[in-house]
Amino acid sequence: MSAIQLFQNFVIKHPSDFSKVAGYVDSISNVDAELDDVVYSYFLEQLYPCSINTCHRPHKEGVLVQLKSGLISNVGIDCGRRYFGKVFGDKLNNHQERKVIPWFHSQLAEFKAAAPQYRAYLERQKEKVSKLAMYKAAFQNQYPKLFEELKTKANVGMYKVSKFIEISEPILDDSGNETGNFKTKYVENQIGRIDGISCLSSNAMEIIIRVLNSITDIETVSVKSLSFRRSNRLYNDCVEIDQLLA
């Protein structure tokens, strides 16, 4: 089964994504495992160990391999060459050059054609968010302590609004009789609450700017000249943009 059949519209960016792959195992024996094919290339956000049980070297760039048994597991590029030999390099090149790069290029070309629509939408959202950013900056400048507390409470809790009621009680003597004097005490009575303000912790403007920069990268490249690695990274950006704007 090809990478396109297995992973169309599916992106692995975090180690937890491996568990979503049918037939995936996180440990294989380099003695018993016989390579069938290289089926997917990934770039992780964090280091993760190779699944070969005599290796387990952490890496970010690697591939999913399909074994003759039908199982699928992850290996680093160098680990694959070391433990599977020349056949790994041949299948990796075939996987990248004949199967995946043309598919990446077709997907990127479609996204590039639609990029002006994405950009127009994001520019409209940026204009709206810029007003929020301006209000946030003014509020933070005028009330810095309150700003930080409300920003924090947006995620972790809320404020209790209380009113303290003054109560006067007669003072009694040892026999329990009123002396004519009074003592005062205060009782806290909750009358409401103030929730944290979620917009104060929003990073919407940063996300919009980052996505716009990614769209600029895609708009300015010559898709057909892209290498496998560059195609893969830009495709991952496209998937992320689609998810953000869905």
Test of understanding: with ring-ring contact (aromatic ring centres under 6.0 Å, His included), list the residues that count as partners of Phe43, not counting sequence neighbours.
none

So, using ring-ring contact (aromatic ring centres under 6.0 Å, His included) as the criterion, who are the partners of Phe88 when residues are at least two apart?
none

salt_bridge(Glu123, Lys128) N-O dist < 4.0 Å
no

At their closest point, which heavy atom of [X] faces which heavy atom of [Y], and how far apart are they?
| X | Y | answer |
| --- | --- | --- |
| Pro116 | Ala113 | CD-O, 3.5 Å |
| Arg119 | Leu212 | NH2-O, 3.6 Å |
| Leu35 | Lys68 | O-CE, 3.6 Å |
| Ile215 | Tyr118 | CD1-CB, 3.6 Å |

Enter the distance from [X]:[atom1] to [Y]:[atom2] here, rounded to the nearest 0.5 Å.
| X | Y | atom1 | atom2 | value |
| --- | --- | --- | --- | --- |
| Arg233 | Ser214 | CZ | OG | 12.5 Å |
| His59 | Leu44 | NE2 | CG | 6.0 Å |
| Ile171 | Glu178 | CD1 | CD | 10.5 Å |
| Ile207 | Leu122 | CD1 | CG | 11.0 Å |

Kindly state whether the ring of Tyr235 and the ring of Phe111 have centres lying under 6.0 angstrom apart.
no

Filter on salt bridge (Lys or Arg N to Asp or Glu O under 4.0 Å), then keep only pairs touching residues 56-67, sequence neighbours left out; what's left?
Glu61-Arg229

Could you pull out all residues at least two apart from Asp90 that satisfy side chain to side chain contact (heavy atoms under 4.5 Å, CB included)?
Lys86

Partner residues of Glu45 under the side chain to side chain contact (heavy atoms under 4.5 Å, CB included) criterion, sequence neighbours left out:
Lys13, His14

Just by modelled atom types, is the [Y] backbone N or O under 3.5 Å from a matching donor or acceptor in the [X] side chain?
| X | Y | result |
| --- | --- | --- |
| Lys126 | Ile208 | no |
| His95 | Asp37 | no |
| His56 | Cys50 | yes |
| Thr179 | Asn181 | yes |

Contacts table for residues 21-28: side-chain donor-acceptor under 3.5 angstrom, sequence neighbours left out:
{"residue": "Tyr24", "atom": "OH", "partner": "Asn74", "partner atom": "OD1", "Å": "2.7"}

Evaluate whether atom CD of Glu127 has more than 12 neighbouring non-hydrogen atoms of other residues, nucleotides or ligands under 6.0 angstrom away.
no

For Ser231, run the side-chain contact (heavy atoms from CB on, under 4.5 Å) check against Gln107, Gln96, His105 and tell me which one passes.
His105

